[in-house]
Every structure is written in structure tokens, then in C-alpha cells.
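So that the names make sense, note that chain A is the first sequence line, chain B the second, and so on, each numbered from 1. Predicted model only: the values in this text are computed from it and were never measured.
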Amino acid sequence: MILDTALGIAFVLVAAALGLNFWRLLRGPDIPDRIVALDTLYVNTVALLVLLGIHLGSALYFEAALLIALMGFVGTVALCKYLLRGDIIE
Amino acid sequence: MLDYLLAFLILLGAGFTFIGSLGLARLPDFYTRLHGPTKATTLGVGAMLVASAIHFSVGEGGPSLHELLVTLFLFITAPVSAHLLSKAGLHLRLRSRAPAPGKASGEQRD
Amino acid sequence: MARLLPHPLLTPLLALVWLLLNNSFSTGHLLLGLLLGWLIPLFTLRFWPDAVKIGRPLTLMRFVGIFLLDVVVANFGVARLILGSPDRLRPAFVEVPLDLRTDLAISLLANTISLTPGTVSAWLSPDRRTLIVHGLDVDDPAELVATIKQRYETPLREVFE
């Protein structure tokens with residue numbers, strides 16, 4: 001019972017966090033700011049999936065969470081590398 | 001009893017996740033914004049993953065520890081992406097409230 | 001022996017990761033994990049030619065304990081700073097001179113700094129002698145450097161060098 005209440009509050013908090021990240025993603029002002037926002041979006045999506053897994057009592061969502069965490073990290077590193085190197089070649 | 005522990009962990013995790021994103025949204029410059037997601041969000045998601053591990057271990061089918069893998073992964077990758085991002089920020093010379101370190105921008109020109 | 005098993009610590013670690021990935025602790029998966037843990041270091045040997053040596057396991061365990069405690073404490077501190085007024089923050093870049101020489105120890109130090117007290121490692125000089133750290137609310141730069149060196153760098157140096 002208390003678990004359901006806690007999950008409800010947690011869903012609201014994580015959804016609000018995703019909203020804030022999205023606002024930062026749209027607002028910028030610089031490219032690295034947007035990359036941080038994207039990275040945080042990935043991590044918060046992992047949180048949302050974990051909560052959904054507990055709520056539905058299914059461990060299946062774990063694989064999706066792991067994959068999103070992996071892809072998010074690779075994406076962030078690739079974007080940073082592009083920023084660091086794209087400028088050197090000019 | 002166990003439900004209370006799980007509820008505490010989940011609320012703690014969600015709270016930290018929210019605070020991390022709040023930091024991303026409201027702090028004044030790029031370098032300070034980096035602090036929220038790397039620390040608070042990582043610990044928040046970690047707490048929720050531990051809650052999930054306990055929840056599924058107590059249920060049917062024996063121990064379920066693979067959530068620890070995601071926690072570990074996040075703890076390893078979060079500082080790496082933060083380091084790369086701030087390096088990119090220094091490279092692009094984003095304006096910051098702290099005086100920029102002369103050494104970094106000077107040597108990075110070549 | 002050293003040629004057949006170039007990374008004695010990596011093999012059990014990879015086997016453990018395999019078991020966790022499958023979420024099963026059966027004998028079959030253990031054998032498969034050990035096989036992968038033996039083959040993967042052999043094929044990726046060129047990427048990391050030197051084996052990792054851990055000098056003092058007890059110091060390492062104490063370091064991990066301090067680290068985990070600091071992560072939790074640091075998070076409450078950062079949460080307080082984020083919820084407080086942004087104008088009261090005193091962000092600063094601080095240069096930390098490094099005594100560590102091996103790549104592994106430096107990257108561990110940088111990661112530790114990023115996860116603990118209001119600091120993110122921002123830039124490593126090409127000669128690997130200075131690490132520039134960004135602090136969210138720095139009271140006294142010299143004290144911050146001294147804390148980092150004494151609390152994190154010294155144990156890492158004892159363990160890995």
C-alpha cells in the first residue's frame with residue numbers, strides 16, 4: 001500500500017525532472033548545455049523504466065534500462081568527441 | 001517493514017533525481033549545471049535500482065542482482081561523461097562565473 | 001602463466017559481470033563466464049598491455065568505504081546548494097598538481113573527484129601533471145587541493161603505485 005503511494009510520488013517527481021531536462025534541451029544556450037540535458041534525459045529514462053518495472057512487477061524492463069544507459073553513454077561521448085575534434089580540423 | 005524501506009529508497013532516489021534536474025535547469029552557467037546531473041541524479045537512480053533489486057529478490061525466483069550492474073555502470077560512466085563535457089566546454093571557451101583557468105585555454109590552442 | 005592469463009584480476013570480474021547479466025548463478029553460466037573472462041583479455045591484450053597490480057587490499061577497501069560515504073554526504077551538500085540561492089554560489093577552477101603517474105590511478109582519481117564533494121574534474125594537462133577541477137562552492141582553493149590530495153590521492157598512490 002505504502003509502496004504504491006511512494007511509486008506514485010516518484011513517478012510525478014521523475015516526470016517533472018524529465019520536463020526540466022527537456023526545457024534545458026530546448027533552451028540551450030550552448031551546445032554542451034544541450035548535450036548535458038540529453039545525457040540527463042537518458043539517465044532519468046532509466047529511472048522511469050526501473051520504477052515502471054517495480055510497479056508492474058516485471059523484470060523485463062531491466063534490459064531496456066541497461067540498453068538505454070549504454071547507448072546514452074556512447075552517444076554523449078561521441079558528441080563530446082565531435083565538439084573537441086571538429087574544431088581542431090577547421 | 002520491507003515496504004517502508006523500499007518506499008524510503010524510492011522516494012530518496014526520486015527526490016535526488018528531481019534535484020539533479022532542478023540544478024540543471026536553474027544554475028547560472030554551464031560548469032555549475034554539470035554538477036547536478038553527475039552527482040545527484042546518479043545517486044538517485046542508484047537508490048531506485050537498489051530498491052528494485054531488493055523488491056525482486058524478495059519476490060519469487062531467488063536473488064535478482066542484475067540491477068547492481070546498471071548502478072555500477074552509471075557510477076563509472078557519469079564522471080567520464082562529465083569530464084568530457086567540461087573539457088568540451090573549456091575547449092569552446094564557454095563563459096562561466098568562475099574565472100577560466102589560463103593554463104587550459106592557453107595550451108589547448110595547438 | 002603470465003602469457004596465458006595476462007590479467008588475473010579481469011578474468012573473475014568479467015565472469016561476475018556475465019553472471020549478473022544473465023541473473024543466474026548456475027554452473028553452466030559460471031563456466032561460460034570464466035571462458036569469456038579468459039578469452040576477452042587475451043584478445044584485447046594490445047589495448048592494455050600492463051596487468052593491474054593491487055598493492056594493499058586493506059587500504060583499497062578503506063578507500064572504497066570512504067568513497068561511498070563521501071558520495072552520500074556530498075549529495076546532500078550539493079542538494080542543499082542547488083535548492084539555495086544560485087547567487088550565493090562561489091564556483092571556481094582549481095589546479096591540482098598530481099603525484100600519480102599511472103593512467104589507471106589518474107583516471108580513478110578524476111572519477112572519484114567528479115562523484116564527490118561539489119567538484120567535477122574538468123581538464124587534464126597533456127603532460128599529466130595537473131588536473132583542473134571545477135568546484136561548485138569553493139571557500140578556500142588551497143584547502144580543497146589539500147583535501148583532495150590527502151583524502152583521495154594518497155590512498156590511490158599506496159594501492160596502485
Side-chain angles (χ1 to χ4, degrees), chain B residues 12 15-16 18-29 31-32 34-36 38-44 46-47 56 61-70 72-73 75-83 85-87 89-91 96-105 107-108 110, chain C residues 13 16-25 67-68 70-87 89-95 107-127 129-138 141:
Chain B
L12 186 80
F16 271 122
F18 177 73
I19 287 173
S21 299
L22 191 68
L24 178 71
R26 82 185 279 236
L27 289 179
D29 70 357
Y31 302 100
T32 49
L34 208 52
H35 286 269
T38 40
K39 285 189 268 293
T41 305
T42 310
L43 186 75
F56 285 112
S64 160
L65 293 172
H66 57 190
E67 282 90 350
L68 292 182
L69 209 60
V70 184
L72 200 69
F73 182 77
F75 266 80
I76 294 171
T77 56
V80 175
S81 14
H83 182 87
L85 278 163
S86 61
K87 201 172 159 185
L90 283 173
H91 182 71
S96 74
R97 275 180 47 187
K103 215 170 172 178
S105 37
E107 277 173 47
Q108 264 187 333
D110 38 276
Chain C
L13 190 71
L16 183 69
V17 168
W18 178 257
L19 288 178
L20 283 175
L21 263 179
N22 283 292
N23 211 15
S24 136
F25 297 89
F67 166 72
L68 288 177
D70 277 1
V71 169
V72 177
V73 172
N75 270 287
F76 281 100
V78 169
R80 210 190 60 234
L81 289 174
I82 289 174
L83 292 174
S85 160
D87 296 326
L89 295 179
R90 290 162 293 178
F93 285 101
V94 178
E95 285 184 19
S107 36
L108 277 178
L109 178 70
N111 283 11
T112 312
I113 288 173
S114 290
L115 281 174
T116 46
T119 47
V120 166
S121 66
W123 191 69
L124 178 68
S125 68
D127 60 0
R129 278 174 191 270
T130 340
L131 185 69
I132 290 178
V133 171
H134 182 268
L136 189 54
D137 188 38
V138 180

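- Across Ile82(C) and Leu27(B), no two heavy atoms sit closer than the pair CG1-CD1, 4.2 Å.
- Proximity of Leu115(C) to Thr38(B): side-chain heavy atoms (C-beta onward) are nowhere separated by under 4.5 Å.
- Note: His134(C) and His35(B) have tilted aromatic rings, judged against thresholds of 30 and 60 degrees for the angle between ring planes.
- Checked by atom type and distance alone, the side chain of Lys39(B) pairs as donor or acceptor with a backbone atom of Thr119(C) at under 3.5 Å.
- Annotation: the span from Leu81(C) atom CG to Ile19(B) atom CD1 amounts to 11.0 Å, rounded to 0.5 Å.
- The salt bridge (charged side-chain N to carboxylate O under 4.0 Å, His left out) search around Arg129(C) returns none, not counting sequence neighbours.
- Using a 4.5 Å cut-off between heavy atoms, Val138(C) does not touch chain B at all.
- Here CG of Leu72(B) is found 9.0 Å from CG of Leu20(C). Values are rounded to the nearest 0.5 Å.
- The side-chain hydrogen bond (donor to acceptor under 3.5 Å, both in side chains) contacts involving residues 71-81 of chain C comprise nothing, where partners must be two or more places apart or lie in separate chains.
- Neither the backbone nor the side chain of Leu16(C) comes within contact range of chain B; no heavy atom of the residue lies under 4.5 Å from a heavy atom of that chain.
- Both the backbone and the side chain of Leu83(C) come within contact range of chain B, each with at least one heavy atom under 4.5 Å from a heavy atom of that chain.
- Residues Thr42(B) and Val71(C) are not in side-chain contact: their nearest non-hydrogen atoms beyond the backbone lie 4.5 Å or more apart.
- Put simply, the side chain of Leu124(C) does not reach to within 4.5 Å of the side chain of Lys87(B), judged on heavy atoms.
- Shown here for Pro91(C) and Thr32(B), the closest heavy-atom pair between the two residues is CB-CG2, 3.8 Å.
- Within the model, atoms NE2 of His83(B) and CG of Leu131(C) stand 7.0 Å from one another, a figure rounded to the nearest 0.5 Å.
- Only the side chain of Phe16(B) comes within less than 4.5 Å of a heavy atom of chain C; its backbone N, CA, C and O stay farther away.
- Between Val120(C) and Ser86(B), the shortest heavy-atom distance links the atoms CG1-OG, 4.4 Å.
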